[in-house]
Every structure is written in structure tokens, then in C-alpha cells.
Amino acid sequence: MFRIGNGIDFHKLENNPSRPFLLGGFEIKTDLALVGHSDADILLHAIADAILGALSLGDIGQYFPDTDESIKGINSVLIINKVLNLMSEKKFKIVNIDSTIICEIPKIAPYKNLITQSLSKILNIEPDCISVKATTTEKMGALGRKEGVGVFSSVLLEKVTF
Ligand SMILES: [Zn+2]
């Protein structure tokens, strides 16, 4: 039995050298940072939402509301781990994940393999089950004006059989 899900996330960009820029747990060395209540790892958020979507279990805002002061600055690996636990409870595993990062800056291409390796460790799946792509909006709209970053993720889950 298979289940498919998609997740979408957007975060604003700011210039903040003291805040890490995280994508899938990998830190890109840049003065840019994503604004957010958590550590703003937009790729982990989109993947978490895609997994929850495949399981019909709502969205990460339900589990980690941005009004909750106790989780301010939370490491998004904790968010994805919560979602992976929910997935295991439902007896599903990840078949593959395909993600597209949309932004003008920073340039993602040099880091795609490193981001994939990081995701492989966090999600405990083989790198060839993970696709990380990048594109721009051809300078159109808010993302084109370098005001933020968007990520779309799709995930396929399969029921674990014993
Ligand atoms: Zn987010």
C-alpha cells in the first residue's frame, strides 16, 4: 500500500550573519538567514509536511505552533523526528522524496549533494531515494526580488510488511 504527500513552505530572507542558514540539516555558509520561529530549516519543514500529508495527519503547524514560546528556535531535526515517529507508528516507510528549492539567493547548486547526504542521515534512507533540485522564478515576484525562499516536496510512503 502506497501513500503520496506534498509539502510547501516559504520563509523570508534576512541578512543576519549570526543566524545559520540551514537546508535539510546542512548549513550553507552565508550572511543570509531565513526568518522563522524555529531554526527555519525550510526543506525539513516541507518534507515533514509532505510525510504528514501522505499519512493524513495534518500539518506541522498543529504539532509545532509558531505561537508556542517553548519551542522558539527549535532544531527542525526534532520536528522531523516527531513526524518520522508518527510515520513508524502507522507502519509506513519512505520510498522516495523529491524536493525543489526556489530562490535567487543563495545559489543552491553547489550544495545539492551535501544537502542530500545530510537528509540521508537525518531520514535514515539511502541518498538515491532523495532528490534535491533548485530553480528560480526568473526574477518574478517576491522570491525573484530575493525576499524569501520557497520549497516544494513530494514524498511516497509504503506500508511496511512483515
Ligand atoms: Zn517553515
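Counting starts at 1 for both ligands and their atoms, in listed order. Please read all numbers here as calculations on a predicted model, not as lab measurements.
- Side-chain contact check for Leu22 versus Asn75: every heavy-atom pair is 4.5 Å or farther apart.
- Listed by first and then second residue, the ring pair (Phe, Tyr, Trp, His ring centres under 6.0 Å) pairs involving residues 40-76 are His11-His45 (not counting sequence neighbours).
- Panel detail: the Zn ion (ligand 1) has protein N, O or S atoms under 2.8 Å away, 3 in number.
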Give the table of side-chain donor-acceptor pairs shorter than 3.5 Å for residues 153-162, with sequence neighbours excluded, one pair per line with atom names and distance.
from, atom 1, to, atom 2, distance (Å)
Ser153, OG, Ser99, OG, 2.7
Lys159, NZ, Lys90, O, 3.4

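- Shown are Thr135, Ile115, Val149; of these, the side chain to side chain contact (heavy atoms under 4.5 Å, CB included) with Ile108 is made only by Ile115.
- Annotation: side chain to side chain donor-acceptor pair (under 3.5 Å) contacts of Arg19 (sequence neighbours excluded): none.
- Atom CD1 of Ile122 is separated from atom CD1 of Ile125 by 11.0 Å, given to the nearest 0.5 angstrom.
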